[in-house]
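Data block below; observations after.
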Amino acid sequence: MTARRRTADARPGTGDVRAAIDIGTNSFHLVVARVDPAGGFEVLTREKESVRLGHGSGEMSELSADAVERGIATLQRMRLVADAYDATLH
């Protein structure tokens, strides 16, 4: 399941465009924002993808092959979103 919300246009503006990914056990979150010279920021888009890395029984000492594939596919897609905004990924 993917949630996508566009909060601002990708129109030219002042400041660098940066992207950040938060990798959690169950979901990955992406935020792309324009950072203004004064230190503020404008969120251009946000994404959330359920990856269920911790899905399964027992302790999470190893990730399943399926979980790794889901995680890699999600990171690749989020990279494409960041690239579409010409964002530096952090």
Side-chain angles (χ1 to χ4, degrees):
M1 181 163 108
T2 301
R4 176 181 273 183
R5 187 175 78 178
R6 186 177 198 111
T7 56
D9 293 331
R11 65 186 177 273
T14 60
D16 295 333
V17 177
R18 302 202 179 165
I21 297 175
D22 174 22
I23 299 174
T25 304
N26 291 310
S27 61
F28 292 2
H29 300 258
L30 167 74
V31 175
V32 179
R34 180 176 291 114
V35 181
D36 68 47
F41 64 92
E42 173 188 17
V43 174
L44 302 175
T45 193
R46 297 174 188 258
E47 301 236 349
K48 177 183 176 183
E49 180 85 22
S50 176
V51 292
R52 303 178 328 273
L53 294 180
H55 185 69
S57 61
E59 293 183 28
M60 200 176 107
S61 59
E62 290 185 22
L63 297 176
S64 71
D66 288 345
V68 171
E69 287 179 28
R70 286 190 304 272
I72 290 171
T74 298
L75 289 172
Q76 289 171 332
R77 190 183 60 71
M78 288 181 168
R79 179 60 193 237
L80 292 174
V81 172
D83 287 349
Y85 285 88
D86 199 26
T88 303
L89 194 57
H90 291 271

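For this chain, numbers begin at 1 and follow the sequence in order. Because the structure is a prediction, the values reported are computed rather than measured.
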Heavy-atom closest pair (Leu63 atom, Leu53 atom, distance to 0.1 Å) is CD2-O, 3.6 Å
With sequence neighbours left out, the residues meeting side-chain contact (heavy atoms from CB on, under 4.5 Å) with Asp83 are Arg79
Q.
I'd like to know whether Val43 forms a side-chain contact (heavy atoms from CB on, under 4.5 Å) with Val31, so could you lay out the CA-CA distance, the side-chain angles of the two residues, the decisive distance to 0.1 Å, and finally the verdict.
A. CA-CA 7 Å; Val43 174; Val31 175; 4.2 Å; yes
Those residues at least two apart in sequence (or on a different chain) that pass salt bridge (charged side-chain N to carboxylate O under 4.0 Å, His left out) with Asp66 are none
Looking only at heavy atoms, the pair that brings Ala87 and Arg18 closest together is CB-C, 4.0 Å
Closest non-hydrogen contact found for Phe28 with Val51 is CE1-CG2, 3.5 Å
Of all heavy-atom pairs linking Phe41 and Ala33, the shortest is CD1-CB, 4.2 Å
The side-chain contact (heavy atoms from CB on, under 4.5 Å) partners of Ile21 (sequence neighbours excluded) come to Ile23, Leu30, Leu75, Met78, Leu89
### Message
Counting only heavy atoms from other residues, nucleotides and ligands, does the tally under 6.0 Å from CG of Asp36 exceed 12?
### Response
yes
Evaluate the criterion side-chain contact (heavy atoms from CB on, under 4.5 Å) for residue pair Val81 and Thr45; output intermediate values, then yes/no. CA-CA 9 Å; Val81 172; Thr45 193; 4.1 Å; yes
Minimal heavy-atom distance between Leu44 and Arg34, with the atoms involved, is CD2-NH1, 3.8 Å
dist Glu49:CD -> His29:NE2 (nearest 0.5 Å) comes out at 10.5 Å
